[in-house]
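Following: one structure in structure tokens, then a few remarks.
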Amino acid sequence: MLTSLVVDAIHEANIADGKRSKAFDTMFRHSDAGKCARQLGFAALGYEETEPMDLAGVWGTWLGRTIHEEWQKCLLETYPDAEVEVKVRFDDTTSGHLDALITTPEGVKICYELKTMGSFGFDKATGLMRKTWSRKAPEGPRLTAIIQGSLNALASGADVLVIGVIGLEAMSKGYADKVGASELDRIMAEWHYSREEFEPIALSELDRLAEIKGWLDAETLPPRWGIDDSGRQVEFDPENTQFPCGYCSHKSLCRYAGAGPIPLPIPGLKEWIKEDA
Ligand code: SF4
């Protein structure tokens with residue numbers, strides 16, 4: 001197949017580069033914010049992914065990275081004093097690279113995060129209903145993006161968190177005309193959060209990470225416990241094909257390990273890996 005040449009090349013390059021290292025030597029990464037406790041446990045313990053990213057994921061991630069790099073170039077041309085890919089941390093617990101830090105002439109420090117999305121995520125965030133050419137109330141960025149941004153904003157001492165969203169599929173012109181969407185609305189949106197809004201979100205995630213660290217320090221794989229889109233605590237089921245289990249990088253391993261907290265090392269794992277191979 002000729003069309004796959006570019007995605008195959010990106011995939012090969014990703015394998016050669018390996019996983020991006022953490023900003024600092026911490027147990028967790030800000031980019032994993034909001035994920036299930038069990039999945040964070042697997043990542044912190046260094047278990048190999050049983051479901052590595054597929055080609056569709058590789059493609060979406062490359063598009064996102066390329067857009068980030070172009071956006072950061074434009075930011076620095078427009079605001080030469082801005083900083084990009086700033087490393088931030090909370091002690092040895094968690095760290096990340098934030099997309100940009102910009103300080104306005106009035107001294108307001110802005111932590112900026114950019115997210116690219118396919119049409120499903122973009123429509124949810126911005127309230128588009130493409131089938132009927134109508135609109136509902138926007139849901140805003142995914143909770144995981146807000147938690148990640150909140151951690152970055154708090155760690156960098158920002159006053160404001162801005163999350164920008166760029167959709168990979170534009171609204172049609174006819175649809176945009178019908179609902180009165182502007183040229184930019186067709187492809188992007190932006191949300192601003194004050195410190196009063198983002199600080200409690202970051203602190204609550206830090207509490208959750210401390211709890212997960214407690215399981216790991218006690219040499220126990222955490223249960224399948226996480227938060228849903230509205231921040232409610234839920235128990236996940238790896239038999240579910242929906243988000244997050246349907247897209248989990250350790251789904252088979254989680255299924256094998258079983259529900260509930262599991263003493264480490266996972267019993268019988270070596271034999272299971274041999275059988276699976
Ligand atoms: S499969 Fe689901 S429950 Fe298991 S680690 Fe992944 S997200 Fe968590």
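First listed ligand is number 1; within each ligand, the first listed atom is number 1. Owing to the predicted nature of the structure, the values given are computational and were not obtained by experimental measurement.
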*Sub-2.8 Å protein N, O or S atoms surrounding atom 8 (Fe) of ligand 1*: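 C36 SG, with waters left out.
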*Salt bridge flag under 4.0 Å for residues R208 and E205*: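 Between E205 and R208 there is a salt bridge, with a charged N closer than 4.0 Å to a carboxylate O.
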Could you tell me whether the side chains of [X] and [Y] share a donor-acceptor contact shorter than 3.5 Å?
X: S194; Y: E197; answer: yes
X: E51; Y: S252; answer: yes
X: D123; Y: S119; answer: no

*Min side-chain heavy-atom separation D81-T103 under 4.5 Å*: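 Side chain of D81 against side chain of T103, heavy atoms only: no contact under 4.5 Å found.
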*Apply salt bridge (Lys or Arg N to Asp or Glu O under 4.0 Å) to R29 and list each qualifying residue two or more places apart in sequence or on a separate chain.*
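None.
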